[in-house]
Amino acid sequence: LNPQSSLAHYNRGRLLLDERHYEDAKPELEAACKLDPKFGDAFYLLAISERQLGQTEVSLKLSEKSVELSPDNPKAYYLLGQNLMTVNRTDDAMAAWKHAVQLDPNSTEVLYKLSQTLRQRDANEANKYAALLKANLAQEQATTEADTLGSLAIAAADNHDYGQAIDQLKKAIGLCGKCSEMAKLQKDLGLIEARSGNLVAAARELQTAASLDPNDPDIKKALAIVSRSA
């Protein structure tokens, strides 16, 4: 319908890339880049496609372009570092990866690359990134366990076993710490407290959830209803 749509070509190329059809993805992504020369994400995916096809030098130039157009994309810096390492530009690769970590301190892939590459150069700096990697992996495990407990709690609440559901959610919140699931867990705890009839506890938990995610419309609505009822 619109062959001049860079976004349409980009999305088709992205889907083909996800299916590892690199040869088929390449012309779609090239079209997206040609139609919109400032489309940083398109240059990034095209760089991935070229790298997978063994065209490292081409991928390097494209990843440099993607970083230029999207300087806030940590994945673009990670790919740039990979290409630089392949052509034996180790110092430049580490600089790119360090910048990626500044943009995304939770990137386990980049932290691993830095800790391994620096091992023979600067043991203290390598240990610093290894410690960050270990902490991030522990946090990922805690998030996964908290998410599993949260799912079990929802299932228990659906069976009207509110006591078990509340206990499981409190355990999940304790495991989570500052993980990405905290606002959701707090919201679910508040909603289940409300379903159990404990409106005071529900309001308290929902207020905590609102402080963690002030833009969640479900939390705002539930908090208004519970507060009026309480």
Side-chain angles (χ1 to χ4, degrees), residues 11 14-15 17-20 41 45 48 72-79 82 97 100-116 127-227 229-230:
N11 281 323
R14 178 173 58 84
L15 292 169
L17 199 66
D18 288 344
E19 295 295 324
R20 300 183 181 183
D41 287 347
L45 292 188
I48 291 177
D72 296 328
N73 183 357
K75 292 182 179 180
Y77 281 96
Y78 175 59
L79 178 61
Q82 285 184 300
W97 286 338
V101 169
Q102 290 177 356
L103 293 170
D104 181 11
N106 298 318
S107 176
T108 54
E109 296 93 344
V110 183
L111 290 171
Y112 175 77
K113 289 287 188 182
L114 282 169
S115 65
Q116 294 299 306
N127 289 337
K128 179 186 76 172
Y129 288 112
L132 289 172
L133 174 62
K134 184 177 179 181
N136 281 344
L137 291 172
Q139 185 62 70
E140 285 183 5
Q141 182 177 355
T143 301
T144 300
E145 292 177 1
D147 188 52
T148 300
L149 273 174
S151 298
L152 292 172
I154 296 299
D158 288 342
N159 289 324
H160 305 288
D161 191 348
Y162 300 122
Q164 180 180 340
I166 290 168
D167 286 344
Q168 287 176 322
L169 278 169
K170 287 181 177 179
K171 288 179 183 177
I173 288 168
L175 275 173
C176 182
K178 295 182 180 180
C179 78
S180 58
E181 295 294 305
M182 181 59 84
K184 179 180 180 299
L185 293 169
Q186 285 287 167
K187 177 174 75 171
D188 289 342
L189 179 57
L191 294 174
I192 291 172
E193 289 278 19
R195 290 170 65 182
S196 74
N198 191 344
L199 299 182
V200 174
R204 182 180 63 246
E205 302 300 344
L206 287 169
Q207 284 170 349
T208 302
S211 69
L212 294 168
D213 188 358
N215 297 318
D216 188 321
D218 292 334
I219 295 175
K220 291 180 180 178
K221 183 178 178 181
L223 185 55
I225 293 171
V226 167
S227 299
S229 300

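As a basis for the values below, the full set of heavy atoms in this structure was taken, side chains included, without hydrogen atoms, waters or symmetry mates.
- Rounding to the nearest 0.5 Å places CZ of R195 at 10.0 Å from CG of D188.
- Residue pairs meeting the side chain to side chain donor-acceptor pair (under 3.5 Å) criterion with at least one member in residues 209-220, sequence neighbours excluded, are K187-D216.
- No more than 12 heavy atoms of other residues, nucleotides or ligands lie within 6.0 Å of OH in Y112, so this atom counts as exposed by the packing criterion.
- Between the NZ atom in K184 and the CD1 atom in I219 there is a gap of 11.0 Å [rounded to 0.5 Å].
- Taking all atoms of both residues into account, the shortest heavy-atom contact from A201 to N198 is N-OD1, 3.2 Å.
- At a threshold of 4.5 Å between non-hydrogen side-chain atoms, the residues V110 and P74 do not count as touching.
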Sequence neighbours left out, cut at 3.5 Å: what donor-acceptor pairs do the side chains of residues 146-159 make with other protein atoms?
{"residue": "T148", "atom": "OG1", "partner": "T144", "partner atom": "O", "Å": "3.0"}
{"residue": "S151", "atom": "OG", "partner": "D147", "partner atom": "O", "Å": "3.1"}
{"residue": "N159", "atom": "ND2", "partner": "A155", "partner atom": "O", "Å": "3.4"}

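- Using a 4.5 Å cut-off on side-chain heavy atoms (C-beta onward), Y77 and W97 make no contact.
- Considering NZ of K128 and CG of L111, their distance stands at 10.0 Å, rounded to 0.5 Å.
- Ion pairing between a basic and an acidic side chain is recognised when a charged N comes within 4.0 Å of a carboxylate O; D167 and K171 show no such pairing.
- The CD1 atom of I173 sits 6.0 Å away from the CD atom of E205 when rounded to the nearest 0.5 Å.
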Donor-acceptor contacts under 3.5 Å from residues 129-140 side chains, at least two apart:
{"residue": "N136", "atom": "ND2", "partner": "P105", "partner atom": "O", "Å": "3.0"}
{"residue": "Q139", "atom": "NE2", "partner": "C176", "partner atom": "O", "Å": "3.2"}

